[in-house]
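One structure is given here, and the rest of the page talks about it.
Excluded from the calculations below are hydrogen atoms, water molecules and symmetry mates; all remaining heavy atoms, backbone and side chain alike, are included. Whatever order the structure lists them in is the order used to number ligands and atoms, beginning at 1.
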Amino acid sequence: MLDGLIADKPDISIVLGSGLGDFAKSINIRNTISTSSLPGYPASTIQGHEGKIISGEYSGKSILLFQGRIHFYEGYKINECLLPVLISKKMGAKKILLTNAAGGINPNFHPGDLMLATSFNSINIKKELLEVTGLPTAETKNFLLDFPTEEINKIIRLSAEQENIDIVEGTYWYTKGPSYETPAEIQMIKIFGGDAVGMSTAYEGIFASLLGLQTGSISCITNYAAGISNKKLNHSEVTDTANNVKDKFERLVKRVISLI
Ligand code: HPA
């Protein structure tokens with residue numbers, strides 16, 4: 001699909017989450033493709049998701065950026081939502097960093113924190129994912145274990161240390177959306193061990209892992225999850241917080257790129 005438009009094999013592919021798309025400005029851009037020019041590529045319908053695929057360079061590393069992701073809750077089929085991962089694999093990437101906005105559930109998390117995902121809960125998407133892969137269940141069971149990849153997490157921790165950025169760590173809990181959770185749902189997720197909640201990333205990460213990519217995830221905690229504070233949730237709070245932490249996020253991700 002992108003042959004000839006993006007020539008370089010990426011050292012890392014990065015999916016930019018809600019409000020984090022500005023990161024693209026911090027690399028040396030070689031080529032930008034609007035996803036609307038790609039036949040069959042789902043249109044981005046969410047504010048803060050531009051719908052661009054960018055190739056570029058930073059610190060001698062070749063990078064493939066997805067500025068805008070495809071969410072399952074937008075009504076697309078799961079295989080369409082996995083296109084950024086599939087394209088990354090086809091372009092030859094061996095590593096992928098998934099970034100996202102998430103609601104904080106852990107009482108120690110606050111809006112503006114960056115969370116390294118140590119684990120994922122995606123039980124409500126596994127069936128769709130397994131159907132898409134067509135792999136025998138026994139095989140997928142083994143594969144599922146390597147997401148997130150510890151090697152990538154080590155690099156993220158080291159990057160945070162070198163940049164003097166305090167990051168938090170925890171379990172990302174996937175919900176399908178499209179509406180935010182209710183306080184009762186968040187209470188349940190909290191009891192079950194979820195530290196942050198979001199509507200993306202889990203399906204991409206599992207699929208990337210199935211394709212043999214090393215995969216990591218950084219969440220920007222953009223808000224307290226429903227009921228954790230009395231504040232009403234809205235998407236502009238998500239994009240505003242993401243915007244406020246963009247310098248910290250940019251430094252962290254740039255350092256990750258230089259250390260991979
Ligand atoms: N819930 C689900 N997804 C999110 C949230 C949230 O509170 N914040 C950002 N993405």
Handout entry: Beyond-backbone contact of Leu16 with Phe66, side-chain heavy atoms, under 4.5 angstrom
Key = no

Practice task
Of all the heavy-atom pairs spanning Gly170 and Asp195, show the shortest one and how long it is.
Solution key: CA-OD2, 3.2 Å

Completion exercise
Scanning both residues in full, the closest heavy-atom pair of Val15 with Pro84 reads CG2-CB, 4.3 Å

Handout entry: For Ser34, all residues meeting side chain to side chain contact (heavy atoms under 4.5 Å, CB included), sequence neighbours excluded
Key = Ser36

Between ligand 1 and the protein, give all atom pairs where both partners are nitrogen or oxygen and the distance is under 3.5 Å, as lines of names plus distance to 0.1 Å.
{"unit_1": "ligand 1", "atom_1": "1 (N)", "unit_2": "Glu181", "atom_2": "OE1", "d": "2.8"}
{"unit_1": "ligand 1", "atom_1": "1 (N)", "unit_2": "Glu181", "atom_2": "OE2", "d": "3.4"}
{"unit_1": "ligand 1", "atom_1": "7 (O)", "unit_2": "Asn223", "atom_2": "ND2", "d": "3.0"}
{"unit_1": "ligand 1", "atom_1": "8 (N)", "unit_2": "Gly103", "atom_2": "N", "d": "3.3"}
{"unit_1": "ligand 1", "atom_1": "8 (N)", "unit_2": "Asn223", "atom_2": "OD1", "d": "2.7"}
{"unit_1": "ligand 1", "atom_1": "10 (N)", "unit_2": "Ala101", "atom_2": "O", "d": "3.4"}

Exercise for the section: Taking the six-membered ring for Trp and the full ring for Phe, Tyr or His, determine whether the centres of Tyr174 and Phe120 are under 6.0 Å apart. Expected result: no

Problem - Closest heavy-atom pair and its distance - Thr222, Ala101 - result: CG2-CB, 3.7 Å

